[in-house]
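This report refers to the structure that appears directly beneath it.
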Amino acid sequence: MVDPDLASPLIHHQSPDHPEVVISIDDDDDDDSRLVLPAVAKPNLAENQDNRGFEFNQSNNLYGFLSDSEPPVLGPTTVDPFRNNTPGVSGLYEAIKIVICLPIALVRLVLFGASLAIGYLATKLALAGWKDKQNPMPQWRCRIMWITRICTRCILFSFGYQWIRRKGKPARREIAPIVVSNHVSYIEPIFYFYELSPTIVASESHDSLPFVGTIIRAMQVIYVNRFSQQSRKNAVHEIKRKASCDRFPRLLLFPEGTTTNGKVLISFQLGAFIPGYPIQPVVVRYPHVHFDQSWGYISLLMLMFRMFTQFHNFMEVEYLPVIYPSDNQKQNAVRLSQKTSHEIATSLNVVQTSHSYGDLMLLNRASELKLENPSNYMVEMARVDSLFHVGSLEAVRYLDTFVSMNPDSSGRVRLHNFLRVLRLKSCTISTGIFGFIDVEKAGSITFKQFLFASAHVSTQPLFQQKCELAFSHCDKDGDGYITIQELGDALKNMIPNLNKFEIQGMYHLLDDDKDERISKNDFLSCLRKNPLLIAIFAHDDAST
């Protein structure tokens, strides 16, 4: 059974108005790796045009005092890599099949529970009294773990994977100590544990999972906190240490960092590639017609139920040729990652995107806030991080600010709601700030535009200096605090006809710790959270 999507061409003919995107991957001997982006005509300086599509010059660039450059503008996100295509039961065939399979599902549930219990007890026995977990597990303990491996094959059988099609063979551990794979479902870790019994890299949160936490500890798991730089560095050190010793099992990593629907390949994390060891890519496919087995937009219990009530679930595993890093690639994890991801994407016949786990965080946050069409708030975080070094947690904070502006069902915010949240009144400078974000001149802004504009301003080299100068300008008496009178005097130079309520609104916004006074820390913290506001405080300084 073949996914009908595979019959469609991936790249359609593009008109001259939409130049093609060409990715050039150089040979290993070439030191340069180039990414050729859509061609953009050079601006006509005589007409004073920029590539954002509107009149632009130094005098009407509100942020010209920070930099002459404009924030990069990317096209809209057109795919959702996390969406499960069949989150519910659809069609008479599926309904009848589920009813027929209900007795089978009960038997499978019993098999699943028994296999999990036996595997758990075997794992506890293998771990009993083992203290030296920094070294490889002794052979007699590994033999006990074979019981658990057999149990995992029974678990796969209970989920409807009576047979699994394989193509190619896993390379020997001494040839390829690191295996990387695409990640679509919770099924792959179960399969790889049975097939390869590897050491895995997993989130620290997995340690607390019942039953599963014990089993992955026996695999001498490398835990990592994706939000801690020190934890990531330690994980890379452990990957290198264990990959260099043949007495440890081979290492398995899912460089995408989360599950997708398998229709695209999202950006790779670099942990598997930094050590510079040979890597064997592995591709997993789940051909289907009626039931998408990917773990996205669907609860774990519902996904398990759907698997239990299928006659058979198809799974294909393909071991690709080992990728040997050249001397240059040993010093360049990015190039090794690009080469590996290209091989996997080519084998899957899918496109690569710049989405990452950060986009899943934005998607989940939008869902928590009950926003319509949560996928509108994904921004391809890998690209954002490379451009601005904005992390996932910071992007979620920007999303909270944007949501307070009351976006409509299409995820767009209009001027009046934008001004309301930033405590601004409609005037030349405030509409100029909005226009700086609204690159399409549509009269409304998207979250992606808001994030790009805010991140661009906050990462300019002069931003911190201008914020401190703005505080000094407002703090007329130099006592380290801005009074409401001082704030009003500073704002009236830029925003005419402010009344006391409007001044109070801005005062409360700048009072970041809400202690009824604006210290330097309050002022700088507020501008870091709302960097676009620097235009109303530092514009005078720029003009002089």
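Throughout, numbering of the chain's residues begins at 1 and tracks the sequence.
Within the 3.5 Å criterion, the main-chain N or O of Val421 finds a donor-acceptor partner in the side chain of Arg423. No side-chain donor-acceptor contact under 3.5 Å links Ser294 to the backbone of Gly296. Under a 3.5 Å cut-off, the side chain of Arg250 and the backbone N or O of Pro177 do not form any donor-acceptor pair. At distances below 3.5 Å, not a single donor-acceptor pair connects side-chain atoms of Thr260 with backbone N or O atoms of Val184. Using a distance-only test at 3.5 Å, with no hydrogens or angles considered, a donor-acceptor pair links the side chain of Gln280 to the main chain of Ala171. The backbone N or O of Met381 sits less than 3.5 Å from a side-chain atom of Asp359, completing a donor-acceptor pair. Looking at Ser430, its side chain does come within 3.5 Å of a backbone N or O of Cys427 through a donor-acceptor pair. A donor-acceptor distance shorter than 3.5 angstrom exists from the side chain of Asn182 to the backbone of Val284, with no hydrogens or angles considered. Of the possible polar contacts, one joining the Asn84 side chain to the Asp292 backbone as a donor-acceptor pair under 3.5 Å is found. Checking side-chain atoms of Thr459 against main-chain N and O of His456 turns up a donor-acceptor pair under 3.5 Å.
Between Ser341 and Leu265 the shortest side-chain heavy-atom distance falls below 4.5 Å. The shortest distance between side-chain heavy atoms of Pro189 and His183 falls below 4.5 Å. Counting heavy atoms from C-beta on, the side chains of Ile200 and Leu253 never come closer than 4.5 Å. Using a 4.5 Å cut-off on side-chain heavy atoms (C-beta onward), Tyr377 and Leu371 make contact. Using a 4.5 Å heavy-atom threshold, the side chains of Lys466 and Gln460 count as separate. No side-chain heavy atom of Leu451 sits less than 4.5 Å from a side-chain heavy atom of Phe402. Val317 places a side-chain heavy atom less than 4.5 Å from the side chain of Ile164. Proximity of Leu419 to Ser426: side-chain heavy atoms (C-beta onward) are separated by under 4.5 Å at one or more points.
A salt bridge is absent between Glu380 and Arg383: the closest approach of a Lys/Arg side-chain nitrogen to an acidic carboxylate oxygen does not fall below 4.0 angstrom.
Relative ring orientation between Tyr63 and Phe436 is described as tilted, the plane-to-plane angle lying within the 30° to 60° band.
Taking the six-membered ring for Trp and the full ring otherwise, Tyr286 and Phe314 have centroids separated by 6.0 Å or more. Separation of the Phe523 and Phe537 ring centroids falls under the 6.0 Å cut-off. Aromatic ring centres of Phe159 and Tyr186: separated by under 6.0 Å.
With hydrogens and angles left out, the side-chain atoms of Tyr192 and Ser181 include a donor and acceptor closer than 3.5 Å. In this structure, a donor-acceptor pair under 3.5 Å is present between the side chains of Asp80 and Tyr297. Side-chain contact check for Gln338 and Glu343: no donor-acceptor pair (N or O, by modelled atom type) lies under 3.5 Å. A donor-acceptor pair shorter than 3.5 Å cannot be found between the side chains of Asn373 and Ser375. Gln230 and Asn234 share a donor-acceptor pair across their side chains, judged by distance under 3.5 Å alone.
Atom-to-atom distance recorded for His355:NE2 and Phe82:CZ is 6.5 Å, nearest 0.5 angstrom. Ser347 contributes atom OG, which lies 7.0 Å from atom NZ of Lys167 (distance to the nearest 0.5 angstrom). Taken from CG in Leu533 to CG in Leu527, the straight-line distance is 6.5 Å, to the nearest 0.5 Å. Between the CD1 atom in Ile445 and the CZ atom in Phe418 there is a gap of 5.5 Å [rounded to 0.5 Å]. Once rounded to the nearest 0.5 Å, the distance linking CZ of Phe305 with OG of Ser299 reads 11.0 Å. In this structure, Glu256 CD and Leu360 CG are separated by 11.5 Å, a value rounded to the nearest 0.5 Å.
Remark: Pro255 pairs with Val180, Phe268, Phe273 by the side-chain contact (heavy atoms from CB on, under 4.5 Å) rule, at least two apart or across chains. Every residue two or more places apart in sequence or in another chain that forms a side-chain contact (heavy atoms from CB on, under 4.5 Å) with Gln465 is listed here: Leu462, Leu469. The side-chain contact (heavy atoms from CB on, under 4.5 Å) search around Lys529 returns Arg397, Asp512, Ser525, not counting sequence neighbours.
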Ile534 vs Leu66, side-chain contact (heavy atoms from CB on, under 4.5 Å): CA-CA, chis, key distance, verdict: CA-CA 10 Å; Ile534 188 61; Leu66 293 174; 4.3 Å; yes
Before giving the answer on salt bridge (charged side-chain N to carboxylate O under 4.0 Å, His left out), spell out for Arg414 and Asp408 the whole-Å C-alpha distance, their side-chain angles and the decisive distance to 0.1 Å. CA-CA 9 Å; Arg414 297 199 172 273; Asp408 61 22; 5.2 Å; no
What's the verdict on side-chain contact (heavy atoms from CB on, under 4.5 Å) for Phe452 and Val439, showing C-alpha distance, side-chain angles and the deciding distance? CA-CA 11 Å; Phe452 267 62; Val439 295; over 6 Å; no
Any chance you could lay out the side-chain contact (heavy atoms from CB on, under 4.5 Å) test for Leu362 and Phe447, step after step, and finish with the verdict? CA-CA 11 Å; Leu362 292 170; Phe447 172 63; 4.1 Å; yes
side-chain hydrogen bond (donor to acceptor under 3.5 Å, both in side chains) between Arg412 and Ser444, worked out: CA-CA 6 Å; Arg412 304 187 74 95; Ser444 59; 2.7 Å; yes
Test Val322 against Ile279 for side-chain contact (heavy atoms from CB on, under 4.5 Å), laying out the working first. CA-CA 6 Å; Val322 175; Ile279 288 176; over 6 Å; no
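In plain terms, the two heavy atoms of Gly271 and Pro275 that are nearest each other are O-CD, 3.4 Å. Of all the heavy atoms in Phe227 and Ser392, the pair that sits closest is CE2-CB, 4.4 Å. The two residues Val390 and Ala395 come nearest to each other via the heavy atoms CG1-N, 4.2 Å. Taking both residues in full, the closest heavy atoms of Leu62 and Ile433 are given as CD1-N, 3.2 Å, listed atom of the first, atom of the second, then distance. Among all heavy-atom pairs drawn from Arg365 and Val396, the shortest one is CG-CG1, 4.0 Å. What you find for Lys263 and His288 is that their closest heavy atoms are NZ-CE1, 4.3 Å.
Remark: Glu368 CD is packed, more than 12 non-hydrogen atoms of other residues, nucleotides or ligands lying under 6.0 Å away.
Judged by the 6.0 Å and 45° rule, Arg166 forms no cation-pi pair with Tyr319.
When each of Gln293, Glu94, His290 is tested with Arg306 by the rule side-chain hydrogen bond (donor to acceptor under 3.5 Å, both in side chains), just one qualifies, namely Glu94.
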